[in-house]
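Take a look at the structure below.
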Amino acid sequence: MDQNTPREMAGQRAAATPQDAVRIALVVLALCFTLAVLGRGLSESFTVFLKPISESFSWDRAQVVSIYSLTWLVSGLTAPLVGRLFDHSGPRIVYALGLLLLGSAFLIAGHAQALWQFQLSIGLFVGIGVAFIGNVPNSILLGRWFGPRLPTAMAVVYSAMGGGVLALLPASQLLIDHLGWRGTYQLFGFAALGLLLPLMLLPWRLFASGSPHVVKRTDPDFVDDGWTLPAAMRHHAFWALFSTFFFTAVGMYAIAAQIVAYLIDAGFPPLQAATAWGFSGVVLVFGMLGVSALDGLIGRRPSVLLSYAISILGIFLLWLLQYDPNILLLTGFVICFGSMMGSRGPLITATAMKIFRGRRVGTIYGTISIGSGLGSAFGSWSGGLIHDATHGYNALLAFALASVVLGMIPFLVVPALRR
């Protein structure tokens with residue numbers, strides 16, 4: 001467990017004023033955003049590495065995509081354990097382990113010679129590392145500082161996915177062009193490990209304590225119903241949220257895992273393809289904040305359904321791109337599909353925490369998040385198999401479209417999500 005230092009104890013006393021509490025809350029938000037940028041950007045960079053790794057070893061698409069699939073499978077399965085470790089050991093240990101695993105993974109990958117070595121490093125280690133610096137610990141930590149404003153804070157952090165994609169996908173392509181994919185992985189590994197020391201020196205005891213104006217706030221509407229994980233799993237809302245996470249992730253990641261390769265095959269140069277998908281990070285920020293803002297204006301259910309409609313339009317534009325690869329269609333796809341890539345996440349997170357609020361909400365939400373990991377893994381792996389079987393993308397896009405529609409259905413029919 002972390003120990004108080006005199007400086008941290010003084011900081012905690014200073015945080016008792018509203019102004020200082022706000023300042024520290026913003027620092028915590030910026031820190032969570034930065035870690036999310038790093039984790040998401042490094043994991044999503046695999047979409048740029050897919051073709052050079054495949055060509056280096058003459059592997060088919062399904063074999064290479066299995067690495068990416070394993071990343072998200074492991075990340076999802078690890079989520080409940082991350083919540084428990086966070087409660088037991090605090091954020092310093094959780095985030096430090098995440099950076100250690102990421103750094104080690106990329107150093108190993110830089111010397112990999114066999115598929116199982118990539119699956120161990122980029123699949124297993126990166127998957128666990130991303131979970132340790134991802135949405136589960138961030139949502140728990142931010143909940144202690146933002147309270148009822150957690151959806152807005154999580155929208156900012158979820159937009160880190162876009163920031164990571166924007167920063168690291170074009171950078172990855174440029175580094176691969178100059179250093180090769182092995183040299184780029186080595187650079188990523190050293191960069192992640194280099195961040196460990198400054199991370200360890202942060203005042204984590206202060207950050208973990210939360211704002212006294214949130215932690216000690218008396219909410220007259222709050223009732224801890226004593227939810228446990230077994231009890232939550234018997235409630236229809238648990239499985240509705242789980243299935244929404246699962247099917248949405250299947251549809252989105254069936255496409256996302258191969259999007260750079262798809263654009264290259266459609267006729268775009270590699271750097272242009274990587275940069276175009278990287279710019280989805282810009283529109284994702286607006287998508288995240290826009291959908292969260294609509295939540296307050298028109299309600300949660302209409303906001304979520306609108307986001308699904310825009311995603312479906314993006315898939316249609318992507319389908320047209322293979323027949324007419326032009327900048328207008330590419331821009332439309334990036335705006336529609338990219339802006340909605342994770343826009344529902346903050347609202348689903350807030351919905352889960354509202355329905356299952358209580359002391360064990362972290363464990364319950366972490367378990368629901370397994371659906372996202374399973375869906376990401378199944379979707380990307382299935383997409384690779386479909387591409388290899390059909391030698392094209394039409395069946396893959398149809399599969400993705402059907403999955404996205406299935407992800408939307410719980411918000412149409414499940415009573416707890418219709419309110």
Side-chain angles (χ1 to χ4, degrees), residues 36 39-47 49-50 53-54 59-85 94 97-98 101-102 104-106 108-109 112 114-138 161 164-165 233 238-239 241-259 341-342 345 348-349 363-388 396 399-400 403-404 406-407:
R40 198 73 187 198
L42 288 175
S43 58
E44 292 293 340
S45 69
F46 185 78
T47 59
F49 286 83
L50 187 150
I53 291 176
S54 178
W59 292 335
D60 60 36
R61 188 68 57 85
Q63 286 178 298
V64 183
V65 171
S66 71
I67 302 166
Y68 185 83
S69 302
L70 186 59
T71 299
W72 296 113
L73 174 63
V74 172
S75 179
L77 293 177
T78 306
L81 301 177
V82 174
R84 292 180 67 87
L85 182 61
V94 170
L97 284 174
L101 284 165
L102 287 172
S104 302
F106 288 114
I108 294 171
L115 182 62
W116 71 266
Q117 293 169 341
F118 284 102
Q119 291 170 335
L120 176 67
S121 57
I122 303 301
L124 182 63
F125 288 176
V126 169
I128 299 174
V130 168
F132 272 62
I133 64 173
N135 289 328
V136 172
N138 286 340
M161 174 184 171
V165 169
M233 293 178 71
F238 178 96
W239 294 108
L241 293 168
F242 185 96
S243 64
T244 292
F245 266 135
F246 176 79
F247 285 110
T248 303
V250 169
M252 303 302 273
Y253 279 87
I255 293 173
Q258 302 186 62
I259 188 59
M341 186 67 187
I348 296 174
T349 299
T363 300
I364 296 170
Y365 170 66
T367 306
I368 292 173
S369 297
I370 290 177
S372 180
L374 291 175
S376 302
F378 180 74
S380 54
W381 176 70
S382 298
L385 288 177
I386 293 171
H387 175 272
D388 288 341
L396 187 158
F399 170 74
S403 299
V404 170
L406 288 173

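Keep in mind the model is a prediction, meaning the values are calculated, not measured. The chain is numbered in sequence order, starting from 1.
Residues Ala105 and Val126 come closest through the heavy atom pair CB-CG2, 3.6 Å. The nearest pair of heavy atoms linking Val250 to Ser403 is CG1-OG, 3.2 Å. In terms of heavy-atom proximity, Ala254 sits nearest to Ala400 at CB-CB, 4.3 Å. Of all heavy-atom pairs spanning Trp59 and Ala114, the tightest one is CH2-C, 3.8 Å. Heavy-atom minimum distance, Gly98 versus Ile133: CA-CG2, 4.0 Å. Across every non-hydrogen atom of Pro137 and Val82, the tightest pair is CD-CG1, 3.6 Å.
Side-chain atoms of Thr71 come within 3.5 Å of backbone atoms of Ile122 as a donor-acceptor pair (strictly under, hydrogens ignored). Between the side chain of Gln63 and the backbone N or O of Leu115, no donor-acceptor pair lies under 3.5 Å. Not a single donor-acceptor pair under 3.5 Å links the side chain of Ser382 to the backbone N or O of Gly379. Looking only at distances, a side-chain donor or acceptor of Ser45 sits under 3.5 Å from a matching main-chain atom of Leu42. Using a distance-only test at 3.5 Å, with no hydrogens or angles considered, no donor-acceptor pair links the side chain of Ser372 to the main chain of Ser369. The closest donor-acceptor contact from the side chain of Thr248 to the backbone of Phe245 lies at 3.5 Å or more, if one exists at all. In this structure a side-chain-to-backbone donor-acceptor pair under 3.5 Å is missing from Trp381 to Val65.
The shortest distance between side-chain heavy atoms of Leu50 and Tyr68 does not fall below 4.5 Å. With a 4.5 Å cut-off on side-chain heavy atoms, Leu124 and Gln119 do not count as touching. A heavy-atom distance below 4.5 Å is found between the side chains of Leu77 and Leu374. Ser69 is not listed as a side-chain neighbour of Leu73, based on a closest heavy-atom distance of 4.5 Å or more. Between Val130 and Leu102, the closest side-chain pair of non-hydrogen atoms falls below 4.5 Å.
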Worked verdict on Leu85 versus Phe132 for side-chain contact (heavy atoms from CB on, under 4.5 Å) = CA-CA 9 Å; Leu85 182 61; Phe132 272 62; 3.4 Å; yes
Take Phe49 and Val64, measure what side-chain contact (heavy atoms from CB on, under 4.5 Å) needs, and give me the verdict at the end.
-> CA-CA 10 Å; Phe49 286 83; Val64 183; over 6 Å; no
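Between atom CD of residue Gln258 and atom NE2 of residue His387 there is a gap of 6.0 Å, rounded to the nearest 0.5 Å. For the atom pair Ile368 CD1 and Leu241 CG, the distance stands at 5.0 Å (nearest 0.5 Å). Annotation: the span from Ile255 atom CD1 to Phe399 atom CZ amounts to 10.5 Å, rounded to 0.5 Å. Rounding to the nearest 0.5 Å gives a distance of 5.0 Å between OG1 of Thr78 and CD1 of Ile128. The CD1 atom of Ile53 sits 5.0 Å away from the CZ atom of Phe46 when rounded to the nearest 0.5 Å.
The aromatic rings of Phe246 and Phe242 lie parallel to each other, their planes meeting at an angle below 30°, with 60° marking the opposite boundary.
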